[in-house]
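Worksheet for the structure shown next.
All ligand and atom numbering here is 1-based and tracks the order in the structure.
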Amino acid sequence: DTPAAAYQPSMTTLGQIKVEIPGRKENDPVMSQEEFQKATEIYFERCAGCHGVLRKGATGKPLTPDLTRSPDKGYDYLKNFITYGSPAGMPNWGTSGQLDEATVDMMARYLLLDPPAPPEFGMPEMRASWKLIVKPEDRPTKKLNDINIDNLMSVTLRDAGQVALIDGGTYEIKAIIDTGYAVHISRISASGRYLFVIGRDGKVVMIDLWMNPPAPVAEIKIGSEARSIETSKFKGFEDKYAIAGAYWPPQYVIMDGNTLEPKKIVSTRGNIYDEQVYHPEPRVASIVSSHFKPEFIVNVKETGKILLVDYSDIKNLKTVEIEAERFLHDGGFDSTKRYFLVAANARGKVAVVDTKEDKLVALVETGGQTPHPGRGANFVHPVFGPVWATSHLGDDSVALIGTDPEGHPDNAWKVVDSFPALGGGSLFIKTHPKSQHLYVDAPLNPEASISSSVAVFDISKMTKDGDPEITTLPIVEWSGIAEGQPRVVQPEFNEDGTEVWFSVWGKASEESAIVVVDDKTLQLKKVIKDKRLVTPTGKFNVFNTREDVY
Ligand code: DHE
């Protein structure tokens with residue numbers, strides 16, 4: 001796989017939706033209904049993540065027929081582009097063997113036609129999918145298991161459509177739970193009792209961690225493509241609401257935090273923040289929950305808007321709409337939890353929102369290509385004071401942004417330092433308030449020696465001048481997996497900040513593992529292997545996720 005191909009939406013269920021060829025025009029390429037259905041399926045699985053379902057473009061170029069049929073493009077151009085790819089990130093689907101010649105030909109013809117719009121997914125569909133498996137009154141009134149819930153790790157088993165709940169103290173797998181297809185992330189309710197998981201297919205599963213073993217108590221589908229889920233955290237609203245964001249249809253939904261009953265669906269369709277031109281597919285990327293107000297912070301990718309959604313009265317919903325930057329993706333809080341930093345990744349910027357004042361305070365150019373912080377990493381730099389860090393997908397740089405406008409006003413919301421890690425293709429960066437180490441992965445780097453390792457920096461030795469020294473941890477080698485080319489992805493700390501966990505992410509047919517490293521000594525502490533650990537990717541420590549510690 002090329003790095004870009006590895007980051008494709010390779011597992012959606014959108015393609016299974018039946019679509020009709022939209023109004024054929026004269027001279028349109030010949031395409032049977034059967035071919036159109038097949039091509040739509042392939043497009044949704046492989047192309048929509050970057051180019052958008054309606055082909056309006058995001059990380060990838062727009063591909064609407066006015067452009068694909070223009071004199072300088074057309075069938076041959078498209079066929080070559082799909083076959084050979086481009087240095088800008090388009091995968092070489094043909095020469096890599098992922099699509100055969102006949103399929104490339106079909107896809108080139110398909111792109112000359114109007115894109116079909118998948119069906120909407122509103123309240124009737126949502127309610128029909130909603131299952132209250134165990135009613136609140138039938139749930140345990142106290143914790144029935146002996147699990148130390150705060151140190152539990154919820155591990156995404158991507159291709160199995162499951163999560164593994166692993167005890168952070170004993171490394172024992174406490175439960176394997178079926179969730180959505182190609183499950184994406186886990187988040188935790190403010191009380192710490194309920195775990196919420198969302199799959200790419202838009203299925204949300206709510207798991208009661210008090211049960212023995214922990215088990216789902218409710219589920220719902222909130223759209224046909226989704227990535228984000230969060231719960232209300234403000235004082236007085238603990239466990240009251242959950243919110244999920246969809247890619248298709250572009251919308252978010254506020255649900256009852258005890259039952260997942262859908263309460264309110266809000267479309268994110270509207271105008272792009274700067275051009276003020278309508279966009280039909282502004283997807284909901286990351287969502288976080290404010291600690292300062294009863295608000296959800298909803299990041300809308302294509303319109304570049306950050307919505308501060310006040311959940312104190314959802315019948316009279318108030319929303320602050322912040323003009324930020326296009327292609328908002330992932331982000332997290334600074335160490336005080338007052339400021340939220342989110343990457344507008346295709347624009348090379350990080351937007352900073354003050355969640356106390358409900359205002360944009362800065363748009364910071366990171367100096368690197370395609371910042372991808374996950375939730376980022378907060379630490380106190382010996383010279384620059386409190387900083388938040390991001391790594392990059394497009395190059396090897398790590399950028400540190402000052403986050404202390406009171407104590408270090410000259411550094412606030414500026415890139416105070418930037419230095420190289422192992423290589424491009426980084427997705428996640430992590431530290432912990434009790435750690436002196438900063439960990440940077442590079443799972444999408446084309447070099448196996450880089451994607452199988454992780455870079456560590458000693459925070460206490462960081463200076464004003466010169467790049468900090470890199471210590472390389474050979475995580476895949478430590479896992480003892482020799483077969484295939486597994487990638488190391490997403491560092492995550494245990495509750496007390498003494499260990500850091502890495503996923504060794506192999507193919508579904510190959511062995512994977514979780515490698516636990518002692519944060520003080522940087523020595524291998526434990527390799528967790530089990531037949532059931534299929535394609536582990538994200539890991540979410542209950543305490544750190546709930547409290548936004550990173
Ligand atoms: Fe993710 C977070 C979207 C591919 C692993 N991913 C997110 C978030 C979004 C997102 C919007 C933020 C959620 C939040 O905080 O509310 N991811 C997408 C995509 O659109 C993309 C590029 C393509 C796709 O089709 O899904 C994509 N993501 C991947 C992967 O290929 C990864 C590496 C492996 C996997 O499991 O699929 C992956 N994404 C993750 C992880 C997080 C995440 C582990 C949470 C990180 C965290 O620490 O919070």
Which option, [options], owns the non-hydrogen atom nearest [atom]?
atom                    : options                        : value
atom 24 (C) of ligand 1 : Arg227, Lys430, His184, Arg283 : Arg227
atom 13 (C) of ligand 1 : Ile185, Asp159, Leu157, Val183 : Ile185
atom 15 (O) of ligand 1 : Glu230, Arg187, Arg200, Glu45  : Arg187

message = When you measure from the heavy atoms of Tyr247 to every atom of ligand 1, does any distance fall below 4.0 Å?
response = yes

Using a 4.0 Å cut-off to any heavy atom of [X], which atoms of ligand 1 qualify?
X      : result
Leu427 : 33 (C)
Gly538 : 44 (C)
Ala285 : 11 (C)
Thr537 : 34 (C), 35 (C), 36 (O)
Ser228 : 16 (O)
Phe540 : 45 (C), 47 (C), 49 (O)
Arg375 : 47 (C), 48 (O), 49 (O)

key: Contacts of Val361 that satisfy side chain to side chain contact (heavy atoms under 4.5 Å, CB included) - sequence neighbours left out   = Tyr339, Val352, Asp354, Trp413

message = Tell me whether the rings of Phe493 and Tyr439 are parallel (<30°), tilted (30 to 60°) or perpendicular (>60°).
response = perpendicular

query = Going by distance alone, is a donor N or O of one side chain under 3.5 Å from an acceptor N or O of the other, for His279 and Thr303?
reply = no

ask   = Can a donor-acceptor pair be found between the side chains of Thr40 and Tyr110 at a distance below 3.5 Å?
value = yes

remark   = ring pair (Phe, Tyr, Trp, His ring centres under 6.0 Å) test vs His291 passes for just one of Phe333, Phe296, Phe340, namely Phe333

Pair listing, salt bridge (Lys or Arg N to Asp or Glu O under 4.0 Å) test, anchored in residues 530-543, at least two apart = Asp530-Arg532

task = State which residue, out of Arg283, Lys56, Arg269, fulfils the side-chain hydrogen bond (donor to acceptor under 3.5 Å, both in side chains) condition with Glu302.
result = Arg283

Polar side-chain atom of Ser186 near backbone of Ser154 as donor-acceptor pair, under 3.5 Å = no

Close N or O approach (Arg158, ligand 1; < 3.5 Å) = yes

task = Between Val288 and ligand 1, find which residue part has any heavy-atom pair under 4.0 Å and reply side chain, backbone, both or neither.
result = neither

ask   = Heavy-atom count around Lys529 NZ within 6.0 Å, excluding the residue itself: above 12?
value = yes

